[in-house]
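Worksheet for the structure shown next.
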There are 2 protein chains.
Amino acid sequence: MIDDGGSSAFSMRRLGAELGVDPSALYWHFRGREELFEAVAEILVDEIGAASLPWTAPWPELLTAYGVRLYEVLIRHPHAVIVFASRPVRSEFGVRAANHAVELMVADGFTAAQAVRAIQALRAYVVGCALDVSATAVTGLQPRRQSARPPADNLLAQGVLDAGEHFRPGLDAMIRGLSAVVARGTRGQPPA
Amino acid sequence: MIDDGGSSAFSMRRLGAELGVDPSALYWHFRGREELFEAVAEILVDEIGAASLPWTAPWPELLTAYGVRLYEVLIRHPHAVIVFASRPVRSEFGVRAANHAVELMVADGFTAAQAVRAIQALRAYVVGCALDVSATAVTGLQPRRQSARPPADNLLAQGVLDAGEHFRPGLDAMIRGLSAVVARGTRGQPPA
DNA sequence: ACCTGAACACCGTTCAAGT
DNA sequence: ACCTGAACACCGTTCAAGT
């Protein structure tokens, strides 16, 4: 249900079939496709919570762990990444986690607004990376474009081939960059 | 065509109608839906190139400009973001830009692999942010979830409301974090 | 409480046929 | 070269009806 069973595109009718049930039966459980997707997205974020996060650690460690866990969950369900990415998700767990992180960061010198934005940025990065992997996994086609061009002139080609290779370094860079914001006292960046 | 005309979901049939043409006529110009999407994605990246980038500037400035331009193009076409995000895009311009940035970064102390990964990470971040904005713009629904819960306990709520607020700070953080990689001599992170 | 069956208004894509 | 028309195998969703 989450993995899409491993085969082609989702459809209510196919889901019904896979469940051995008339498609229309689904509309007793969900108001429609969209509501079902929201349920899936919520399950995904709860899947992070299962293995609990290092709540007592300093914020860079907590945020890193959160990013890594979210990423792992998403690439474990490549077909669901797009579902997660294309709609705003609000879950009990996600809100708790975020609020706690904000508190830690504020205690470390961030303004609340800076902290919130930092977490959103981190989440956007994680989702972007997961989407990269999911795109090549779901579509099956490699990022190389089908045209027969020499690979030698394209430095990105071989780098893109191992999709997801860049996730961890990028995550570390972002966290490090966020630390820099607060490392040199409060910097008066206009909030607009 | 790129903006989806401002109304509801895309379909070949609707596109045909909007063009005053039988849907089947589209299949003379494109092999199918997927090929049309690729064409759209390619147009998007070319739209960045139009206003040319600061090629001669140091890499942090070049990458920042690239990120900002890409982001601007994407949020200008909210309905197309998902098209761009869910498939690997390879364009003449994108490859040129990336390769040049890699050269600059290598000259500054990065390994080629590090530079490539950095650029991919940056792209992922930009797409993730654009997707956030596009999600709220396209679905129309605010990220708050429809449940009537008090907003006071949710620090993220008001932050999320102004979607895209976090893009620029996050971008700067990421670039700064990347600079740190090279600022203290070559760090021997295992490439696996 | 949960599912079926038929129906409605849609889809993407093909292929022969027109001009 | 470019488009039409009809056809095929699909969709999501509804609603009355069954158990």
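To find a chain, count down the sequence lines: A is the first, B the second, and so on, and within it residues start at 1.
- The main-chain N or O of A:Met12 is never found under 3.5 Å from a side-chain atom of A:Arg33 such that the two would form a donor-acceptor pair.
- Where DNA chain C pairs in unbroken runs of 3 or more (Watson-Crick or G-U, both distances under 3.5 Å), the stems are C:4-8 with D:12-16, C:12-16 with D:4-8.
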>> Under the criterion side chain to side chain contact (heavy atoms under 4.5 Å, CB included), I'd like the reasoning laid out for A:Leu15 against A:Leu36: C-alpha separation, chi angles, the key distance, then a yes or no.
In response: CA-CA 11 Å; A:Leu15 176 57; A:Leu36 189 148; 3.8 Å; yes
> Would B:Phe10 and B:Val83 satisfy side chain to side chain contact (heavy atoms under 4.5 Å, CB included), going step by step from the backbone distance to the final call?
Replying inline: CA-CA 11 Å; B:Phe10 172 85; B:Val83 168; over 6 Å; no
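- Along DNA chain C, read 5' to 3', the first and last nucleotides having any atom under 4.0 Å from a heavy atom of chain B are C:dC11 to C:dC15.
- In this structure, A:His29 and B:Arg31 both approach DNA chain C, and ranking their closest nucleotides by distance from the 5' end singles out A:His29.
- Aromatic ring orientation, B:Tyr71 versus B:Phe167: parallel (interplanar angle below 30°, classes split at 30° and 60°).
- In this structure, the side chains of A:Leu74 and A:Val133 stay at 4.5 Å or more apart for every pair of heavy atoms.
- A distance of 14.0 Å separates CZ in A:Arg14 from CG in A:Leu19, rounded to the nearest 0.5 Å.
- B:Arg33 comes within 4.0 angstrom of sugar-phosphate atoms only, judged by non-hydrogen atoms across all strands, and of no base.
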Considering only distance and modelled atom types, tabulate donor-acceptor pairs under 3.5 Å from the side chains of residues 23-30 of chain B, sequence neighbours left out.
{"residue": "B:Ser24", "atom": "OG", "partner": "B:Asp22", "partner atom": "OD1", "Å": "2.5"}

>> Is there a side chain to side chain contact (heavy atoms under 4.5 Å, CB included) between A:Leu63 and A:Met105? Walk through the geometry before answering.
In response: CA-CA 10 Å; A:Leu63 282 193; A:Met105 293 176 79; 4.0 Å; yes
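- Where A:Arg13 and A:Pro23 each meet DNA chain C at their nearest nucleotide, the meeting point lying more 5' is that of A:Pro23.
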